[in-house]
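On a predicted model such as this, the values are computed, not experimentally measured, just so you know.
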Amino acid sequence: MYTSDLKRALWTAQQIHAHQLQDPKPSLIETDLIREQHFGEAESQHWAPPGAQPRNPGQKVYPVPEGRDGRFDGGESPNDVRRRVGEAFDTFVVPHLEKSKGKRPGEVNIVFVSHGIAIAETIGAIFARCVDGKNADPDTWRGLKNTAWTRLVIGLEGEELDYPEELLVHPAKPLTSKLIGDVPNVDSGEMIATAVEEASHHGTSGKSEVSTQALPSIIAKVVAVNQYDHLEGIIRQKGGIGSAAHDDKQKAITDFFGGGGAKGGSSKI
């Protein structure tokens with residue numbers, strides 16, 4: 001298991017890890033390579049439409065950068081994130097692919113716990129490394145719900161990507177895809193994933209500029225996307241946090257989502 005070291009992902013990863021039944025549990029490795037996109041001086045600021053100008057002297061505005069190389073001052077562009085998460089894939093996943101060659105899908109499982117944009121860019125980076133040269137537009141994969149998960153089956157050239165029944169997704173109720181409409185309860189996770197995947201391959205905006213010459217030949221398929229059935233039935237606490245007793249461990253929401261650590265602790269931001 002690999003997790004972003006920002007707290008909103010790290011705490012989720014720790015819960016997933018704690019509920020693993022095997023003994024010994026898999027290792028849980030923190031890395032800054034799969035952090036969310038960094039927005040530089042625009043972090044926690046109100047963004048403006050591209051090209052927006054200040055209305056008053058001295059006012060600072062943060063127009064949304066345009067294009068794959070656009071970035072806020074001190075921040076990252078989408079292509080910067082693509083390179084970074086691609087490095088994570090090369091570093092953490094590729095060695096497992098080589099060691100698990102010939103094993104059935106589902107025998108070896110690698111978990112990345114990350115963030116919406118970073119996850120979309122990771123999928124794009126993976127497909128950019130595939131032998132058939134498909135370029136998945138990462139914008140296609142954005143919009144994941146909090147704690148939703150996506151599954152890819154990845155192998156080396158010449159391997160079969162057939163996957164066993166237990167990897168199929170059978171949600172409790174039909175899902176809806178903008179691409180294919182209502183989806184019946186028959187492996188709808190794969191049907192949506194396939195439709196989105198095929199649609200994303202018509203463009204080239206997700207093209208990776210990272211050299212992959214030293215990597216083995218990779219094949220991949222998305223078999224489930226944006227799965228969040230585990231959230232069914234969860235009800236928000238009435239009255240909000242203001243109705244609860246004060247908790248010294250409760251952090252400000254901006255600190256939580258910004259990756260800030262507790263006082264006196266060794267935190268990674």
Can a donor-acceptor pair be found, under 3.5 Å and without considering hydrogens, that links the side chain of [X] to the backbone of [Y]?
X      : Y      : result
Gln20  : Ala18  : no
Arg84  : Leu33  : yes
Asn226 : Lys145 : yes
Glu121 : Asn79  : no
Thr122 : Val85  : no
Glu159 : Lys101 : no
Glu157 : Ile219 : no
Glu76  : Gln37  : no

Taking every non-hydrogen atom, the tightest pair across [X] and [Y]:
X      : Y      : result
Gln53  : Gly51  : NE2-O, 3.4 Å
Ala13  : Met1   : O-CE, 3.7 Å
Val225 : Val222 : CB-CG1, 4.5 Å
Ala9   : Ser114 : CB-O, 3.9 Å
Ala52  : Pro63  : O-CG, 3.5 Å
Ala42  : Trp47  : O-NE1, 3.0 Å

Measure the [atom1]-[atom2] distance between [X] and [Y] for me, rounded to the nearest 0.5 Å.
X      : Y      : atom1 : atom2 : answer
Lys7   : Thr12  : NZ    : OG1   : 13.0 Å
Thr31  : Asp5   : OG1   : CG    : 7.0 Å
Ile123 : Phe89  : CD1   : CZ    : 12.0 Å
Lys221 : Leu152 : NZ    : CG    : 10.0 Å
Thr147 : His230 : OG1   : NE2   : 3.0 Å
Ile117 : His38  : CD1   : NE2   : 13.0 Å

Less than 4.5 Å apart, side chain to side chain, heavy atoms only: is that true for [X] and [Y]?
X     : Y     : result
Phe72 : Gln45 : no
Tyr62 : Phe39 : no
Asp80 : Arg83 : yes

Please test Arg8 against Asn146 for side chain to side chain contact (heavy atoms under 4.5 Å, CB included), starting from the C-alpha separation and ending with a verdict. CA-CA 10 Å; Arg8 62 186 183 272; Asn146 284 335; over 6 Å; no
Joint cluster assignment, [X] & [Y], ILVMFWY side-chain distance < 4.5 Å:
X      : Y      : answer
Ile110 : Ile16  : no
Val108 : Val111 : no
Ile154 : Ile34  : yes
Leu144 : Val113 : no
Leu161 : Val223 : yes

Can you list everything that forms a side-chain contact (heavy atoms from CB on, under 4.5 Å) with Gln14? Sequence neighbours excluded, please.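 For Gln14, the residues satisfying side-chain contact (heavy atoms from CB on, under 4.5 Å) (neighbours in sequence not counted) are Leu10, Trp11, Leu28.
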Does Glu41 have any salt bridge (charged side-chain N to carboxylate O under 4.0 Å, His left out) partners at least two apart in sequence or in another chain, and if so, which? Lys60
Could you give all pairs that pass the ring pair (Phe, Tyr, Trp, His ring centres under 6.0 Å) test and reach residues 92-121, with sequence neighbours left out? Tyr2-Phe92, Tyr2-Phe112
